[in-house]
Amino acid sequence: MSIVLKTRHLFLVATVVPVVGLPSLALATPRDDEIAALRREMRDMQREMRDEIRVLQARIARDEGRAPQARDTHPPGEAPRVAHAVPRRWSGPLPTIGAPYGPGPVRPRSDAGSRVAMVEGPVPSWAEVKAATAKDESVHVGGMRIGFPAGRPTISSDDGAYSFSVGGLLQEDVGGFLGTGARAGEAKGNFNSFTQNGRRLRMYFTWRYKDWVANVTPDFGSLSADGSVGLFEANLNYTGLRHTTLTVGYFQPRMDEESAERPVAFEFLERPTIVDLVRNIAAGVARFSVGGEHYEDRWLAAFYFTGQKFGDRNKDTTITDSQTGGVARIVGRPYVSRDVDVLVGAGAISAFKVNQNAKGRAYTFSDNVEVPLGETALLTSGALSNVAQIWAAGPQMGVRWRRFLLKGEYYHIGVERSHEAGASPLPSLNFDGWYVAANYTLFGRPRSYNPRIAAFITPGVEHDLDPLHGDWGALELSGRWSVTDLSDAVDQGGTGVDGNQQTVWQGGLNWYPNRHVKFMLDFDHFIVSRSKGVAGGVNLLGRTGNLVVGRIQASF
């Protein structure tokens with residue numbers, strides 16, 4: 001015990017000596033602006049170090065159970081006797097490192113520390129967790145560590161081998177449609193002039209034992225219609241191999257750049273239509289998956305074998321043969337400099353067989369106008385029967401130049417049909433879609449490439465919102481053009497039912513007051529050609545319209 005005390009006292013002395021010596025240096029007569037700035041910085045350092053010394057003294061007192069000494073009463077003529085204090089544990093609040101009498105000088109965050117918290121991964125290895133938690137302040141209680149690494153409440157064993165954390169993502173949308181009335185002979189459809197929707201309301205529960213990580217994430221806003229409850233993921237991961245994550249369970253394999261960004265980093269409220277249609281062929285949210293991905297600074301490769309989605313057999317009890325498929329993504333980073341970052345890659349996906357139910361093996365491509373307000377889907381391929389296989393593939397590209405980001409993806413979809421004995425052969429179908437998006441960061445750090453996910457992530461917030469000191473967080477402006485064409489053959493979705501085409505022009509403004517809060521505002525103009533395949537006769541003559549929608553987002 002005495003050795004520990006001496007060690008701690010020596011530590012305090014070693015900390016105090018530089019502080020005592022600082023004033024003599026700080027009093028040097030300034031001869032130019034640099035010396036004056038140095039003096040101010042040294043005074044700030046001196047004040048911070050004194051505050052931290054007080055904190056360290058309080059912590060040592062807490063750990064050693066010190067109490068004030070008290071004198072005993074003694075008979076006259078006898079020397080006073082000092083009564084030794086009975087050691088007791090500290091019962092007050094835990095002291096924190098920092099200035100207890102006001103904040104010190106505000107410094108900008110590092111580039112990595114300024115980005116919005118990635119609530120959906122990638123899954124860190126045990127070594128990365130230990131390195132990160134070593135830098136975070138935490139409370140030690142009975143061999144346990146309680147803290148907030150990256151803003152997420154986490155309880156772990158002292159050595160970090162066991163840990164349990166809780167995260168959250170809240171996305172709520174408010175908006176409506178303008179000038180989307182039905183034409184003569186058409187049904188009105190569901191296009192609210194003003195409505196609200198809880199888009200993603202997820203709670204992330206993560207349990208770790210060293211390099212084994214289990215994730216369970218319920219979602220209270222799992223569909224575009226408000227009030228839907230479902231599962232986002234439930235999987236087991238192994239991270240013991242360098243820069244590699246192996247996954248089994250209900251997961252979302254990411255085969256495109258937009259999905260790899262994660263919803264917290266989207267430039268717009270939702271992905272382009274072609275991306276959503278392609279990823280849901282054999283991936284998407286809560287798809288049973290077995291596979292993994294490996295990354296390096298200049299490339300990433302991911303491969304997954306997939307099955308059906310969580311809840312498929314509950315929604316359709318007539319399924320007698322479940323879907324199987326595969327997902328692959330390969331991305332390279334051929335050129336990197338301070339001002340330029342280039343992404344080039346490709347994604348591929350295939351449903352080797354789709355679910356077979358009472359209607360056989362059938363599949364329908366359908367989507368909304370890239371804003372999830374619960375509206376009627378206007379784009380459709382019609383119900384495609386006798387489907388033997390569906391596949392899609394295409395390139396991904398992105399270029400960042402300083403504060404400007406330009407990216408795009410193209411996908412071709414192929415639908416192979418089966419040939420039943422005695423029936424007329426059905427033609428194979430080919431669909432196409434693409435998008436081009438531009439983004440410019442008005443203030444804050446610009447979007448940057450994250451090699452762990454091979455995607456461009458959010459602007460960086462150097463200083464939290466503080467208008468009195470001229471700090472406004474980060475602000476970005478975006479524009480996107482997307483086209484999806486699901487028309488190929490006459491009567492492809494049944495007699496009189498053809499596919500149609502959708503074009504969406506979109507503009508958006510995103511504001512980040514800090515690393516955990518985001519406000520979005522999008523304007524959409526859409527043009528959708530006619531199709532009798534849309535339920536209820538809503539799009540017999542084609543539809544055009546506009547909408548304005550905003551989103552509030554909080555993540556930790």
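For the numbers below, each heavy atom of this structure counts, side chains included, while hydrogens, waters and symmetry mates do not.
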Output the distance between atom [atom1] ([X]) and atom [atom2] ([Y]), rounded to the nearest 0.5 Å.
X: Thr380; Y: Asn539; atom1: OG1; atom2: CG; value: 10.0 Å
X: Asp522; Y: Asn510; atom1: CG; atom2: CG; value: 7.0 Å
X: Thr376; Y: Arg543; atom1: OG1; atom2: CZ; value: 8.0 Å
X: Ile390; Y: Ile281; atom1: CD1; atom2: CD1; value: 6.0 Å

Please determine whether side-chain hydrogen bond (donor to acceptor under 3.5 Å, both in side chains) holds for the pair Gln396 and Glu257, giving the CA-CA distance in whole Å, both sets of side-chain angles, and the decisive distance to 0.1 Å. CA-CA 7 Å; Gln396 310 165 14; Glu257 196 278 342; over 6 Å; no
May I ask you to say whether Lys353 pairs ionically with Asp321, meaning some side-chain N is under 4.0 Å from a carboxylate O? yes
Between Glu270 and Arg551, is there a salt bridge with N-O shorter than 4.0 Å? yes
Show the numbers, then the answer: is there a salt bridge (Lys or Arg N to Asp or Glu O under 4.0 Å) between Asp219 and Arg200? CA-CA 7 Å; Asp219 191 349; Arg200 294 178 179 90; 5.9 Å; no
Can you tell which of Leu373, Leu378, Val369, Leu547 makes a side chain to side chain contact (heavy atoms under 4.5 Å, CB included) with Phe191? Leu378
Report the relative orientation of the aromatic rings in [X] and [Y]; use parallel for angles under 30°, tilted for 30 to 60°, perpendicular for over 60°.
X: His294; Y: His243; answer: tilted
X: Phe177; Y: Phe526; answer: perpendicular
X: Tyr204; Y: Phe232; answer: perpendicular

Can you pull the salt bridge (charged side-chain N to carboxylate O under 4.0 Å, His left out) pairs that have at least one residue in residues 287-298, sequence neighbours excluded? Arg242-Glu296, Asp297-Arg333
Does any N or O in the side chain of [X] come within less than 3.5 Å of the main-chain N or O of [Y], such that one atom is a donor and the other an acceptor?
X: Asp312; Y: Gln308; answer: no
X: Ser381; Y: Phe365; answer: yes
X: Asp466; Y: Asp471; answer: no

Within 45° of the axis and under 6.0 Å from the centre of the six-membered ring of Tyr440, does NZ or CZ of Arg403 qualify? no
Going through the checks in order, is the ring pair (Phe, Tyr, Trp, His ring centres under 6.0 Å) test met by Trp391 and His412? CA-CA 8 Å; Trp391 61 272; His412 178 82; 5.5 Å; yes
Among side-chain atoms of [X] and [Y], is any donor-acceptor pair under 3.5 angstrom?
X: Lys407; Y: Asn439; result: no
X: Asp524; Y: Gln506; result: yes
X: Thr273; Y: Asp367; result: yes
X: Ser114; Y: Arg515; result: no
X: Asp341; Y: Tyr335; result: no
X: Asp485; Y: Ser487; result: yes
X: Asn237; Y: Thr245; result: no
X: Gln502; Y: Thr484; result: no

Please walk me through it: do Glu186 and Arg530 pass salt bridge (Lys or Arg N to Asp or Glu O under 4.0 Å)? CA-CA 11 Å; Glu186 286 183 331; Arg530 65 184 181 180; over 6 Å; no
Are there over 12 heavy-atom neighbours, none belonging to Trp401, within less than 6.0 Å of that residue's CH2? no
Would you indicate whether the side-chain heavy atoms of Val340 and Arg400 approach each other to under 4.5 Å? no
Do Arg417 and Gln389 pass the side-chain hydrogen bond (donor to acceptor under 3.5 Å, both in side chains) test, and can you show the C-alpha distance, the side-chain angles, and the key distance before you say yes or no? CA-CA 7 Å; Arg417 315 293 278 274; Gln389 182 183 11; over 6 Å; no
Stepwise, does the side chain to side chain contact (heavy atoms under 4.5 Å, CB included) test hold for Phe268 with Ser478? CA-CA 8 Å; Phe268 297 91; Ser478 302; 3.5 Å; yes
